[in-house]
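See structure below.
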Amino acid sequence: MLRAALPLLGLPLAGAAAEGEPTQEPGAPGEPPPSLALFRWQWHEVEAPYLVALWILVASLAKIVFHLSRKVTSLVPESCLLILLGLVLGGIVLAVAKKAEYQLEPGTFFLFLLPPIVLDSGYFMPSRLFFDNLGAILTYAVVGTLWNAFTTGAALWGLQQAGLVAPRVQAGLLDFLLFGSLISAVDPVAVLAVFEEVHVNETLFIIVFGESLLNDAVTVVLYKVCNSFVEMGSANVQATDYLKGIASLFVVSLGGAAVGLVFAFLLALTTRFTKRVRIIEPLLVFLLAYAAYLTAEMASLSAILAVTMCGLGCKKYVEANISHKSRTAVKYTMKTLASCAETVIFMLLGISAVDSSKWAWDSGLVLGTLVFILFFRALGVVLQTWVLNQFRLVPLDKIDQVVMSYGGLRGAVAFALVILLDRTKVPAKDYFVATTIVVVFFTVIVQGLTIKPLVKWLKVKRSEHHKPTLNQELHEHTFDHILAAVEDVVGHHGYHYWRDRWEQFDKKYLSQLLMRRSAYRIRDQIWDVYYRLNIRDAISFVDQGGHVLSSTGLTLPSMPSRNSVAETSVTNLLRESGSGACLDLQVIDTVRSGRDREDAVMHHLLCGGLYKPRRRYKASCSRHFISEDARERQDKEVFQQNMKRRLESFKSTKHNICFTKSKPRLRKAGRKKKDGVANTGTTNGKPPRDVGFQDTAAVILTVESEEEEEEESDSSETEKEDDEGIIFVARATSEVLQEGKVSGSLEVCPSPRIIPPSPTCAEKELPWKSGQGDLAVYVSSETTKIVPVDMQTGWNQSISSLESLASPPCTQAPTMTHLPPHSLATEEPQAPLALPSDPLLSFAFPPSLAKAGRSRSESSADIPQQQELQPLMGQEDHTHLSPGAANPRWCIQFNKGGRL
Amino acid sequence: QGALSSCLRKPRRDPPSFFPAVSQASLVRLHHRFRALDSNKKGYLCRMDLQQIGALAVNPLGDRIIDSFFPDGSHSVDFRGFARVLAHFRPVEDEGTGTWDPEEPEPLNSRMNKLRFAFQLYDLDRDGKISRHEMLQVLRLMVGVQVTEEQLESIADRTVQEADEDGDGAVSFLEFAKTLEKMNIEQKMSIRILK
């Protein structure tokens with residue numbers, strides 16, 4: 001392999017020189033006709049893709065090398081480094097092959113390299129910011145580009161008339177205008193590459209960047225019009241042609257945008273129906289966006305505009321429709337492709353510059369162009385900003401204008417366009433090429449290098465990144481509504497009015513049409529922020545290793561830190577409200593004996609910290625579904641363990657606010673039962689609704705995703721999502737047995753009474769110490785329905801491992817699902833709650849799981865384990881308990897919110 | 001027309017606090033609008049006049065914003081009160097943000113007053129605090145039907161907890177302002193045409 005690779009690496013560099021080597025070519029003359037060759041060398045068959053892959057590899061490696069040193073990349077933008085690398089590589093190629101081999105082909109550039117970058121920027125464009133500044137962006141993009149093109153072209157022509165450009169540059173006014181049109185456009189690739197590292201404030205960034213994206217339409221039109229005028233010859237151009245040119249500006253820009261929006265619509269609509277084939281969701285995004293680009297290109301509309309609009313338009317709906325994993329996949333693939341394309345573009349730009357055969361240098365032209373593009377850009381920005389500021393709520397100040405003028409970078413688009421010129425029609429092409437290369441290099445390298453110090457020196461307002469909070473999100477929505485209402489009252493139909501209108505329309509029709517019903521139901525920005533915050537909290541709990549059972553256990557990372565007053569008051573509240581859900585260790589300061597304390601610590605340790613990795617080999621070779629690897633599953637389990645522990649301490653401080661939450665869950669659970677998934681351990685004499693829900697000190701940490709809702713929405717489907725949420729319910733039940741009440745899973749949640757306020761009783765905290773036979777910590781059979789199926793077995797195993805460690809092996813672990821419930825109950829009288837009394841119900845896997853096509857070979861093996869839902873802490877420790885104590889029963893349930 | 005000219009003349013005689021906050025041109029514009037809304041030329045607006053604005057009906061906060069025009073349970077608002085409410089949304093001038101003559105009352109379009117306007121939309125019972133219940137009501141209006149009641153409650157809980165610093169289970173105005181201290185309120189709560 002290595003032997004084969006070495007000459008290969010040499011080959012692309014050596015180019016044609018190497019390919020004639022007959023040593024290993026089987027088809028070379030003189031070789032005896034076909035015999036079975038042991039080794040065949042087929043470079044030509046793989047040459048093209050191999051070269052492409054190699055170049056990308058080289059570019060990526062270079063990127064890695066650059067980023068090895070933080071110092072270098074903090075000073076020099078990556079684009080500069082890549083261009084320089086390209087120059088070096090180009091020089092090597094030139095030296096080895098004696099001719100310039102590889103360069104930026106306009107066709108490759110426009111068809112393959114540009115689309116990913118534009119799609120990435122369109123898709124991840126902050127749409128609110130974009131539309132807030134749309135007026136300014138459009139002005140700069142259209143008026144600014146036109147202004148730049150005409151003034152630069154005219155000024156260069158004037159320069160030539162003045163005799164400062166050598167007479168060998170044969171170009172008329174039209175040629176210069178053509179050149180002006182291609183050199184005037186600010187380049188999205190270059191702007192993005194440089195500005196991403198500068199971190200100016202969002203408004204400034206979106207204006208410069210939005211301009212660079214939207215000016216494509218103007219550039220394309222100007223370029224095409226001028227080009228055709230040049231080809232026709234200036235004498236033949238008639239007045240109607242000018243009119244056509246102006247008309248084509250509208251056709252190209254609006255047409256491009258329309259194509260993009262149509263494809264965005266198609267894309268959103270398609271993803272609405274991908275529920276069963278999640279795996280192709282990311283592909284669809286790329287395919288349709290690329291189709292938009294190609295279609296626009298085919299119709300000679302503005303392709304960049306098309307793909308930008310497509311990304312911008314579809315994002316909201318696509319993100320709502322596709323699964324969480326697909327979202328991540330789309331994000332990463334898009335970023336990878338864009339970054340890859342950008343790297344290759346800059347490197348190829350460097351390499352292309354080496355090819356001196358295309359060059360023709362004219363100092364007057366080069367210097368003149370450089371001066372003019374800088375000067376007219378600045379002048380144009382100042383003039384336009386002056387006009388815009390009359391209409392802007394927040395005027396752009398002088399510093400902004402400086403950055404905007406200086407940030408007008410030219411890039412690969414200009415280079416590709418100038419390469420595309422026809423030498424026979426434009427005799428000065430070589431001069432233009434040289435000038436363009438110099439301009440691109442100057443803007444990317446010199447301006448790119450200096451813009452960071454400049455921004456620092458001018459003290460441009462940097463972007464400030466702060467974490468989103470629920471309050472901010474909510475209030476921002478409030479402000480939007482207020483402003484819309486005030487505009488209504490004032491009777492002025494301004495921006496807020498139209499935005500409000502659009503949102504109404506979107507909500508009423510578009511979202512209904514383009515989002516699947518379940519996604520639409522759950523899609524809400526405030527909810528979204530809430531959901532994300534919860535996820536972040538959960539993750540940071542785990543990151544902290546769960547060792548946060550301190551007095552500040554309440555402090556969520558996303559919340560501002562809370563002072564001690566709050567803490568004590570919460571604790572007081574807790575004591576007063578007196579429900580016995582005090583799991584927090586800090587309350588155990590009144591335990592009676594050292595032994596008790598030790599037990600408590602031990603208990604919590606075991607409860608929370610025990611995790612026994614289980615071995616599980618699953619042969620999964622499905623192409624359509626990604627199975628999690630063992631590591632991931634283990635992480636999930638550890639996560640659960642940690643969450644459980646966290647929730648206990650969380651609950652003890654929080655329960656007073658949250659107790660009503662379990663109600664709706666119960667309803668859902670009831671539905672579960674109807675579906676035959678829930679178990680009915682119901683020897684409950686009382687009507688199910690009789691239970692006092694408000695007494696359940698339950699905390700529901702909702703970590704659910706929309707997919708889960710989706711599952712709820714259509715009950716016929718039990719398609720399991722990989723990324724569904726988990727709902728953890730931890731609650732204390734007490735005296736359940738005395739009441740003859742069984743935590744019916746009829747009501748999934750048991751119905752506990754208020755535990756009399758006795759916060760200092762160690763027996764309450766240490767559930768296994770309560771009355772005979774009532775000591776067990778239960779993990780109800782609900783667990784199986786709650787945890788995503790992937791985790792169920794793992795969960796069960798961890799439970800049983802906990803058991804085996806904390807207690808003598810269970811006497812009566814039932815191993816068959818069809819074990820009659822009554823016999824079980826008799827066998828284990830002290831734990832009737834948790835026993836799955838109905839075989840059907842204890843079996844948590846819905847039959848349609850198999851239908852869902854997942855390779856669940858282990859699901860059958862899981863069945864026996866479902867039965868292991870037994871007292872977590874067996875019958876141990878009975879001796880310790882004080883007989884007079886109340887008998888609290890801990891029932892920790894992990895409810896999955898959705899129906900499985 | 002008489003009402004307008006009297007309104008325009010008045011500030012010169014005894015400068016009321018709100019007239020400096022609205023420029024002459026906007027005042028004329030507002031007065032036109034006021035008369036257009038005043039359906040039967042009675043010289044004041046009542047709730048009905050504002051409710052008939054079509055777009056306000058679909059605005060989730062529409063009712064509350066209408067209510068803010070009628071402070072203290074009054075049933076009518078004259079042009080002065082009308083302009084006073086809208087003066088909150090005048091953009092803040094570049095200079096003098098936060099520095100006004102201490103003799104004069106704080107201008108209506110100051111950051112704090114803008115925030116106060118938003119705050120009183122939440123604070124229905126005017127006790128200076130957004131309770132969990134009030135937060136829930138706002139959320140119910142804003143979030144829409146697709147989120148379940150239970151989820152709404154957890155959002156409300158979390159929102160209150162997030163802002164609540166003294167642990168009283170409610171958001172006071174200071175806490176409210178603090179949650180928004182990073183936000184550019186002067187910009188977000190301004191309408192250009194009221195300049």
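Below, chains carry the letters A, B, ... as their sequence lines are ordered, and counting in each starts from 1.
Heavy-atom distances place no part of A:Tyr495 under 4.5 Å from chain B, backbone and side chain included. Both the backbone and the side chain of B:Ile155 have a heavy atom closer than 4.5 Å to some heavy atom of chain A. Only the side chain of B:Phe82 comes within less than 4.5 Å of a heavy atom in chain A; its backbone stays farther off. Neither the backbone nor the side chain of A:Glu503 comes within contact range of chain B, judged by heavy atoms closer than 4.5 Å. With a threshold of 4.5 angstrom between heavy atoms, B:Arg29 approaches chain A through side-chain atoms but not through N, CA, C or O. For B:Leu121, the part lying under 4.5 angstrom from a heavy atom of chain A is the side chain only.
Side-chain atoms of B:Leu180 and A:Glu476, non-hydrogen and from C-beta on, never get closer than 4.5 Å to each other. At a threshold of 4.5 Å between non-hydrogen side-chain atoms, the residues A:Leu533 and B:Glu162 count as touching. The shortest side-chain heavy-atom distance between A:Asp537 and B:Arg158 falls under the 4.5 Å cut-off. When side chains are defined from C-beta on, B:Phe89 counts as touching A:Ile482, because their heavy atoms get closer than 4.5 Å.
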* Asked: Checking side chain to side chain contact (heavy atoms under 4.5 Å, CB included) for the pair A:Leu474/B:Met135: CA distance, chi angles, key distance, verdict?
  -> CA-CA 10 Å; A:Leu474 173 66; B:Met135 190 66 90; 3.5 Å; yes
* Apply side chain to side chain contact (heavy atoms under 4.5 Å, CB included) to the pair B:Leu139 and A:Tyr530, showing each step before the final yes or no. => CA-CA 12 Å; B:Leu139 279 169; A:Tyr530 174 71; over 6 Å; no
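The candidate with the highest count of non-hydrogen atom pairs below 4.5 Å against chain B, out of A:His477, A:His475, A:His496, is A:His475.
When atom types are taken as modelled, the side chain of B:Arg33 and the backbone of A:Val489 share a donor-acceptor pair closer than 3.5 angstrom.
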